[in-house]
Amino acid sequence: MLKLGLVRDIDLALHLPLRYEDETRITPIGELEEGDTAQVQGEVRDCRVEQSRTRRHLVARLRDGGGELVLRWLHFYPSQQKQLAPGRLVRVRGEVRSGFLGLEIVHPVLKVVEPGTPLPQSLTPVYPSTATLPQAYLRKAVDSALSRAPLDEILPPQALPPGLPPLRAALLALHHPAPGRPLASLEDRSDPAWQRLKYEELLAQQLSQAQAQAERALLRAPSLRAVGPDHLRGRLAAALPFRLTAAQQRVVAEIERDLALDKPMHRLLQGDVGSGKTVVAALAAATAISAGWQCALMAPTEILAEQHFRKLVGWLEPLGVRIAWLTGSRKGKGRKEMLAMVASGEAALVVGTHAVIQDDVQFERLGLAVVDEQHRFGVEQRLALRAKLGARSLESAASGPASSADARPGAPPGASDPPPLEPHLLMMSATPIPRTLAMTYYADLDVSTLDELPPGRTPVLTKIFADDKRDQVIARIRDELAQDAPDAHGGSARRQVYWVCPLVDESEHVDLQNATATHAELSAALPGTMVGLLHGRMPGAEKAAVMSLFTGGQMRVLVATTVIEVGVDVPTASLMVIEHAERFGLAQLHQLRGRVGRGAAASVCVLLYSGPLSPTAKDRLRAMAETSDGFEIARRDLEIRGPGEFMGARQSGDALLRFADLATDTALLEQARETAAWLQREQPQAAALHVARWLGSRQDYLKA
């Protein structure tokens, strides 16, 4: 039961059925029809093992005075044959089908009974379980927990929508619904009992976010202002080789207002692929550095981190900023030198992967942390990052004589020992967050949106082909390579092509062989063209060499796995082929497509699929062909996958919403938001008890 997270009585009480079986009535054999799922009671007339050409069957005949029914087991144990001794009274349940000998049930649920054995008075629940946890055991455990669990009403009546049952009554109705209760409303979760559970869950989630926001309001952070006539922030803005879009200017102003405050910024910067989030982060970093503090930027992959590193070095090093580079592949003397630069404060900006949060990394004065593609990090990693950033990196800065300005907001006059300073936190995502998701999982965040693409970006045409058109696609690549692409200076440059192969897990040799075989195929089909191969298992130096050749234009075709999903910026790449596109998620397909269309040349993304498509895969590919709007893609992705997978909640092992559905429960969510604010203000004790009941230790995940 630990595997299912069933630790407390309340956990078992909230472990709700997947479906129900109706064992409350007996159907006479004479009334059975093909396709029925029914329960029958009768006497065993005979039972024997029959041998077909391929296997042995256990076959029994059951009669109830009005007809006979055949029971068949294709796999069976000797004990089952003993249970079916002629003359025994048994109760069986299953789907009725037409067989060679008449109506039959294959592999029915079987129970030996005595005459007069009563029928259950409620529907029988079927719970989510594991292979080693029988339903009978789980039903007993849940029933026992229901009698012990603290299910008294915590919420005052005015905090509840009208017409919903008490919590205990709702749970009893869901675990043991009466026979007359409509199954349809139980299965589609529109039943009032379900509505009560969903409302309670949404309210707990909203309260948890409100608590996190209230706790953060009591924390202190360094006030970061770019001061002086010749500050770094202004020099960077003046040196950029392009003008900021109106959306970038608006977002930069929002971030700078937050950084100037003495409480930690907790802001999500969202924008479609290619909307220019990196330059916004660079300007935020320049503001922090201008104020005398360090900035850290963490990215989920080494390739993305290196792309950021190269851009930031190009923008900031000419202005005198030292930048440290920390990744898992950096070892030995080079790593020690970087660690020393970070610890001494010589490195004003630190760029890297999760290596930035390893134990041996100590900052001298960390004032701002930027996390790119934050949803790609596991929840534990994000929590570890926040814990590390609030640790000793700022203790020295927080020490010293306390002034009235240092006093904690809300502390009594004369209070001393202000809490340690915490860095400001900017999270970035190229996967836009739909409104209902933002209301739910990002309720405690300030959200900035880049809703405008820089000038010069061209729309990408998306085409879908079955894998049997592969030769035609390769012919299109030849045509593409024969053309020149306009460059940024009005001249022309040779066009380039991506071919992406799926690599679900880097240990899956079949996928790696697929990428290698595709590389060999394209090398043979495109003589005289340099075709590169890039995948996650290559050494860092080798990956860097391949990317250098491609970004430099010498390599015309790059066969890669999804390591190029984010951050790679090659303006002359105008064609992308995604092989086995049905194996990719919608957000991932959109991210990959964003690697082309970054220059002035008309660009195409080809989605190659193989085999029959599932309905979900069809929906994903159709969405890609119909829209290139990242916000619309995100909305459809939420519909297809649900919030748990959209958020990366599987990385934590917990689906943060188990019962509520953001697609259908928006009205409940709105009501829960309003009630959470009132409850937090008027009845904080009831609010705290409600969160503890529903979330337990999982409330930390909502703060990540």
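Along the sequence shown, residues are numbered consecutively beginning with 1. Because only heavy atoms are used, hydrogens play no part in the values below, and waters and symmetry mates are left out as well, while side chains stay in.
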Heavy-atom side-chain proximity of Tyr127 to Leu133 below 4.5 angstrom: no

Heavy-atom side-chain proximity of Leu160 to Glu153 below 4.5 angstrom: yes

Within 6.0 Å of CD in Gln121, more than 12 heavy atoms from elsewhere: no

Arg56, CZ atom: more than 12 neighbouring heavy atoms under 6.0 Å: no

Minimum heavy-atom distance Leu592-Ile578, with the two atoms named: CB-CD1, 3.9 Å

Distance (rounded to the nearest 0.5 Å) between Leu74 CG and Arg55 CZ: 5.0 Å

Reported CD1-to-CD distance for the pair Ile633 and Glu626, which is rounded to 0.5 angstrom: 9.5 Å

Evaluation steps, side chain to side chain contact (heavy atoms under 4.5 Å, CB included), between Asp665 and Arg189: CA-CA 10 Å; Asp665 296 323; Arg189 301 191 173 188; over 6 Å; no

Under 3.5 Å: donor-acceptor pair, side chain of Ser144, backbone of Ala141: no

Test item: Asp22 and Leu183 side chains (from C-beta on) under 4.5 Å apart, heavy atoms: no

Chi angles and distances behind the salt bridge (Lys or Arg N to Asp or Glu O under 4.0 Å) call for Asp11, Arg8: CA-CA 5 Å; Asp11 298 330; Arg8 308 170 297 165; 3.0 Å; yes

Evaluation steps, side chain to side chain contact (heavy atoms under 4.5 Å, CB included), between Leu151 and Ile10: CA-CA 8 Å; Leu151 297 175; Ile10 190 67; 3.5 Å; yes

Atom of Leu146, atom of Arg168 and distance for their closest heavy-atom approach: O-NH1, 3.5 Å

Rounded distance [0.5 Å steps], CG in Leu174 versus OH in Tyr20: 5.0 Å

Arg693 (side chain) donor-acceptor with Pro150 (main chain) under 3.5 angstrom: yes

Heavy-atom pair with the smallest gap, counting every atom of Trp694 and Glu200: NE1-OE1, 2.9 Å

Expected output: side-chain Glu201 to main-chain Ala660 donor-acceptor under 3.5 Å: yes

Over 12 foreign heavy atoms within 6.0 Å of CD, Glu33: no

Which atom of Asp9 lies closest to which atom of Arg148, heavy atoms considered: OD1-NH2, 2.8 Å

Non-hydrogen side-chain atoms of Gln41 and Asp64 separated by less than 4.5 Å: no

Non-hydrogen side-chain atoms of His580 and Cys501 separated by less than 4.5 Å: no

Crowding at CZ, Arg25 (>12 non-hydrogen neighbours, <6.0 Å): no

Check: Gln206 and Leu669 side chains under 4.5 Å, non-hydrogen atoms: yes

Residues 75-88 side chain polar contacts: donor-acceptor under 3.5 Å, at least two apart:
{"unit_1": "Gln80", "atom_1": "OE1", "unit_2": "Tyr77", "atom_2": "N", "d": "2.8"}
{"unit_1": "Arg88", "atom_1": "NH1", "unit_2": "Lys82", "atom_2": "O", "d": "3.3"}
{"unit_1": "Arg88", "atom_1": "NH1", "unit_2": "Gln83", "atom_2": "O", "d": "3.1"}

Matching residue for Arg61 among Glu50, Glu104, Glu68 - test: salt bridge (charged side-chain N to carboxylate O under 4.0 Å, His left out): Glu68

Under 3.5 Å side-chain donor-acceptor pair for Thr627 and Asp629: no

Minimum-distance pair of heavy atoms, taken over all atoms of Pro182 and Ser185: O-OG, 3.0 Å

From CZ (Arg181) to NE2 (His176), nearest 0.5 Å: 13.0 Å

Spacing of CG belonging to Leu586 relative to CD belonging to Gln591, to within rounding of 0.5 Å: 11.0 Å

Nearest-0.5 Å distance, OG of residue Ser52 to NE2 of residue His57: 4.0 Å

Side-chain (Thr117) to main-chain (Glu114) donor-acceptor, under 3.5 angstrom: yes

For Gln39 against Glu23, the heavy-atom pair lying closest together: NE2-O, 3.1 Å

Whether His175 side chain and Asp143 backbone form a donor-acceptor pair below 3.5 Å: no

Full working for side chain to side chain contact (heavy atoms under 4.5 Å, CB included) between Leu16 and Leu171: CA-CA 8 Å; Leu16 296 182; Leu171 283 170; 3.8 Å; yes

Side-chain heavy-atom pair Leu203, Leu155 within 4.5 angstrom cut-off: yes

Intermediate values then yes/no, side chain to side chain contact (heavy atoms under 4.5 Å, CB included), Arg139 and Thr124: CA-CA 9 Å; Arg139 286 173 188 140; Thr124 303; 3.5 Å; yes

Beyond-backbone contact of Arg636 with Asp619, side-chain heavy atoms, under 4.5 angstrom: no

